[in-house]
Number of protein chains: 2
Amino acid sequence: MKKGSTEPTLLALNIDRLMRRIHAELQPRAADFDHHQVGPLGGMLLLTIGERGSVDIQSVVAALGRDKSQISRLIQRFERKGLLTRETSPTDGRVSLLSLTKSGRDQVESIKDVLTVIVDGLFNGLSRDEKAMFAAILERVLMEDER
Amino acid sequence: MKKGSTEPTLLALNIDRLMRRIHAELQPRAADFDHHQVGPLGGMLLLTIGERGSVDIQSVVAALGRDKSQISRLIQRFERKGLLTRETSPTDGRVSLLSLTKSGRDQVESIKDVLTVIVDGLFNGLSRDEKAMFAAILERVLMEDER
DNA sequence: TATTGTTATACTCTATAACTATA
DNA sequence: TATAGTTATAGAGTATAACAATA
């Protein structure tokens, strides 16, 4: 396989470009699946909560890499929209635990369906092994950086 | 090597997370290198112009995957700041050709220095081959999608 | 004292559409 | 008629700091 340039600046630009490709394909289809006007970040927030069942806000904030104030406001908006509920943790009164409602889970499913088509399309030219390798390296970089 | 999950939704979330890690490390150091207050997108714009020498706006817009109106305004701001110049193409009066000034090139160098440290740090745990493979797959995905 | 989450604020980024000018 | 780039505008995303409540 031809080797790619590991020049760090180009690598950073290319990671951004890939993310933008995904957004650029999601955007025009928003009317079809974004029934609650959650937006791109909101979608990722719901996806992240859905992945984990019942989570505290701090974990979601860490997973998304955004500021807690930003996530806090999104959560309030989504609570008002009936996409999620929260309850105070029984063991720590400072902590709110989030769960998706039926409506929230439905929204997550619509997003996943569209995202699957888009991502599969983008990675179409890769073999199964190459996809697995790319995904594995990505996971390792993220995990190692967490420590 | 352990295989990564190729579940498309997780892949998309992870690509976003990686981009956010880079931004999160750049942000607090902005005062040290962002002397002209160009911001993250502005930095990528300058990097993209620097990569190519003399470019028309449309190429830059395509490379960054943003809307042309957004890039148009940034370019005007940077022209006023003396970071770049533009001249009308001799062969097509509609086209503006962009070039960095000395000040713009210096700004690009500062950004590259910081970005190199951050990206190298993130990919630290990978072997040279793994880095090259990751970069190559990324380039292929972006290229194949262009057609 | 430290941590969880909220509020306020200022700024940057994004999408859309309507526009001017050149081709 | 089509393309390159601009302007206007509304909305979404971001960082920071100061804050209240709980630990």
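Throughout, a chain's letter reflects where its sequence line sits, starting with A, and its residues are numbered from 1.
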Between [X] ([atom1]) and [N] ([atom2]), how many Å, whole number?
{"X": "A:M19", "N": "D:dG13", "atom1": "CE", "atom2": "C1'", "value": "13 Å"}
{"X": "A:L64", "N": "D:dA12", "atom1": "CG", "atom2": "P", "value": "18 Å"}
{"X": "A:E79", "N": "C:dG5", "atom1": "CD", "atom2": "C1'", "value": "13 Å"}
{"X": "B:I57", "N": "D:dT3", "atom1": "CD1", "atom2": "P", "value": "17 Å"}
{"X": "A:I71", "N": "D:dG13", "atom1": "CD1", "atom2": "P", "value": "9 Å"}
{"X": "B:L98", "N": "D:dA4", "atom1": "CG", "atom2": "P", "value": "14 Å"}
{"X": "B:R80", "N": "D:dT6", "atom1": "CZ", "atom2": "C1'", "value": "13 Å"}

Query - Selection residues 104-116 of chain B - residue pairs positive for side chain to side chain donor-acceptor pair (under 3.5 Å), sequence neighbours left out - result: B:K102-B:D106
Query raised in the report: Does the distance from a Lys or Arg side-chain N to an Asp or Glu carboxylate O, for B:R73 and B:D67, drop under 4.0 Å?
Result: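 Judged by the 4.0 Å cut-off on N to carboxylate O distance, B:R73 and B:D67 do not form a salt bridge.
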Requested in this report: Could I get the full list of side-chain hydrogen bond (donor to acceptor under 3.5 Å, both in side chains) partners for B:D56, not counting sequence neighbours?
Outcome: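 side-chain hydrogen bond (donor to acceptor under 3.5 Å, both in side chains) check on B:D56 returns B:S59.
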Query raised in the report: When the ring planes of B:F134 and A:F134 are compared, do they come out parallel, tilted or perpendicular, using 30° and 60° as the limits?
Result: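 Plane angle under 30°, so parallel.
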Evaluate the side-chain proximity of [Y] to [X]: yes if any heavy-atom separation is below 4.5 Å, no if none is.
{"X": "A:L138", "Y": "A:M133", "answer": "no"}
{"X": "A:L122", "Y": "A:L18", "answer": "yes"}
{"X": "A:L97", "Y": "A:T88", "answer": "no"}

Requested in this report: Compare side-chain N and O positions of A:Q76 against OP1 and OP2 of C:dT7 and report whether any pair is under 4.0 Å apart.
Outcome: yes
Taking N or O atoms only and anything under 3.5 Å, show me the protein contacts with nucleotides 20-23 of chain C, one pair per line.
from   : atom 1 : to    : atom 2 : distance (Å)
C:dA23 : OP1    : B:G93 : N      : 2.6

Let me have the donor-acceptor pairs involving side chains of residues 37-55 of chain A, under 3.5 Å, with sequence neighbours excluded, atom names and distances please.
from  : atom 1 : to    : atom 2 : distance (Å)
A:T48 : OG1    : A:M44 : O      : 2.7

Report task. Applying side-chain contact (heavy atoms from CB on, under 4.5 Å), name anything that partners B:E7, two or more places apart in sequence or on another chain. Result -> B:S5, B:T9, B:L10
Report summary line: B/S/- along nucleotides 9-16 of chain C (protein heavy atoms under 4.0 Å) is ----SBBB
